[in-house]
*Asks:* 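Following this message is one structure expressed as structure tokens.
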Amino acid sequence: MKLWGCMLLMAACIGGGYCGAANLKKRSIHLRLLIQMITDMINQLRYQLPTVSELLHHLHMQKCYGDLPFLEDCLQSDPTDVFSQRWADAIRCCRYPEEEQAVLLQIGEILGSTDVEGQCSTLLLCRDHLESLLKQAEEKQHSHSTLYRSMGVLSGLFLVILLI
């Protein structure tokens with residue numbers, strides 16, 4: 001019985017370490033998706049000249065943006081509300097890290113409020129900021145993933161040794 005408990009404890013610690021490493025990878029993937037969304041927005045604004053609601057519908061219809069719940073939340077809210085407020089409410093509900101949230105809120109403030117070139121230039125700045133966040137996240141992933149997995153294994157061994 002004690003052996004089973006030790007094995008389960010070891011498995012839980014290893015799983016925790018691998019889960020921490022997977023979360024770092026998820027952040028990088030999410031940032032890449034946001035960068036892709038902004039690039040798509042810029043292309044749509046430059047070549048299609050859509051309204052804000054048409055732009056959101058286009059993004060929402062793309063399967064690759066299914067992991068961005070704020071798009072659907074923004075579309076489902078009351079269309080008589082001010083767009084920037086709907087966008088901000090949808091972003092705040094998602095609980096993104098503070099830096100990402102600030103960039104996304106800036107996007108909501110600019111969409112539909114200036115001319116196409118103003119929107120595109122602001123979106124380019126937002127994309128650049130997200131690319132720097134992506135670079136930081138990838139560096140952290142590279143340096144910390146092995147650490148998290150190793151710490152999971154070592155903490156499991158330590159607890160098993162304590163129990164034996």
*Asks:* Measure across Gln106 and Cys126 and return the closest heavy-atom pair with its distance rounded to 0.1 Å.
*Replies:* OE1-SG, 3.7 Å

*Asks:* For the residue pair Leu159 and Cys13, what are the closest heavy atoms and their distance?
*Replies:* CD1-SG, 3.8 Å

*Asks:* Are side-chain heavy atoms of Met41 and Leu111 found at a separation under 4.5 Å?
*Replies:*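 Yes, their side chains come closer than 4.5 Å.
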
*Asks:* Under 3.5 Å, side chain of Ser145 to main-chain N/O of His142, donor-acceptor pair present?
*Replies:*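 No.
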
*Asks:* Between Gln36 and Tyr65, which heavy-atom pair has the shortest distance, and what is it?
*Replies:* O-OH, 3.2 Å

*Asks:* Would Val116 and Leu55 show up in the same hydrophobic cluster when neighbours are defined by side-chain heavy atoms closer than 4.5 Å?
*Replies:* yes

*Asks:* Specify the closest pair of heavy atoms between Gly112 and Gln119, including all atoms of both residues, with the distance to one decimal.
*Replies:*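 Looking at all heavy atoms of both residues, the shortest contact is N-OE1, 3.3 Å.
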
*Asks:* Does Met61 belong to the same Ile/Leu/Val/Met/Phe/Trp/Tyr cluster as Leu33, with side-chain heavy atoms less than 4.5 Å apart forming each link?
*Replies:* no

*Asks:* With the side chain counted from C-beta on, respond yes when Glu131 and Asp128 share a heavy-atom pair under 4.5 Å apart, and no when they do not.
*Replies:* yes

*Asks:* Do other residues, nucleotides or ligands put more than 12 heavy atoms under 6.0 Å from the CG atom of Asp67?
*Replies:* no

*Asks:* Show the nearest heavy-atom pair for residues Pro50 and Leu45, with the distance to one decimal.
*Replies:*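 Heavy atoms only, the tightest pair is CD-CA, 3.9 Å.
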
*Asks:* What's the shortest heavy-atom distance between Leu123 and Ile38, and which atoms?
*Replies:* O-CG2, 3.3 Å

*Asks:* After noting the C-alpha distance and the side-chain angles of Ser28 and Gln141, does the key distance pass the side chain to side chain donor-acceptor pair (under 3.5 Å) rule?
*Replies:* CA-CA 8 Å; Ser28 296; Gln141 177 188 350; 3.1 Å; yes

*Asks:* Tyr148, Val153: one ILVMFWY side-chain cluster at the under-4.5 Å cut-off?
*Replies:*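 No, it is not one cluster - the side chains of Tyr148 and Val153 are not joined through contacts under 4.5 Å.
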
*Asks:* Are Tyr18 and Leu157 linked, directly or through other ILVMFWY residues, by side chains that come within less than 4.5 angstrom of each other?
*Replies:*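 Linked within one cluster.
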
*Asks:* With no hydrogens and no angle check, just 3.5 Å: does a side-chain donor-acceptor pair link Asp89 and Gln85?
*Replies:*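 Short answer, yes.
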
*Asks:* So do Leu34 and His30 actually touch side chain to side chain, heavy atoms under 4.5 Å?
*Replies:* yes

*Asks:* Between the main-chain N or O of Thr51 and the side-chain N or O of Glu54, is there a donor-acceptor pair closer than 3.5 Å?
*Replies:*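 Yes.
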
*Asks:* Answer whether the closest heavy-atom distance between the side chains of Glu99 and Leu130 falls below 4.5 Å.
*Replies:* no

*Asks:* Taking atom CE as the centre, does Met151 end up with more than 12 heavy-atom neighbours from other residues, nucleotides or ligands that are less than 6.0 angstrom away?
*Replies:*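 At most 12 heavy atoms, drawn from other residues, nucleotides or ligands, come within 6.0 Å of this atom.
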
*Asks:* Report yes if the side chains of Pro97 and Arg27 come closer than 4.5 Å at any heavy-atom pair, otherwise no.
*Replies:* yes

*Asks:* Would you say the side-chain atoms of Ser121 pair up with the backbone N or O of Gly118, donor to acceptor, closer than 3.5 Å?
*Replies:*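 Between the backbone of Gly118 and the side chain of Ser121 there is a qualifying donor-acceptor contact (under 3.5 Å).
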
*Asks:* Taking Glu138 first and then Lys25, would you say they form a salt bridge - that is, a charged N and a carboxylate O separated by under 4.0 Å?
*Replies:* no

*Asks:* Using the rule that two of Ile, Leu, Val, Met, Phe, Trp, Tyr join whenever any of their side-chain heavy atoms come within less than 4.5 Å, decide whether Leu105 and Ile110 are in one cluster.
*Replies:*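 They do not share one cluster, since no chain of ILVMFWY contacts under 4.5 Å joins Leu105 to Ile110.
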
*Asks:* When you compare the side chain of Gln101 with that of Leu104, does any pair of heavy atoms fall below 4.5 Å?
*Replies:* no

*Asks:* With a 4.5 Å heavy-atom cut-off, do Leu124 and Arg127 have their side chains touching?
*Replies:* yes

*Asks:* Going by the angle between their ring planes, with limits at 30° and 60°, are Trp87 and Phe83 parallel, tilted or perpendicular?
*Replies:*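 Judged by the thresholds at 30° and 60°, the geometry between Trp87 and Phe83 is tilted.
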
*Asks:* Return yes if some donor-acceptor pair links the side-chain N/O of His144 with the main-chain N/O of Lys140 below 3.5 Å, else return no.
*Replies:*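 Indeed, once roles are kept as given, a pair shorter than 3.5 Å links the two residues.
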
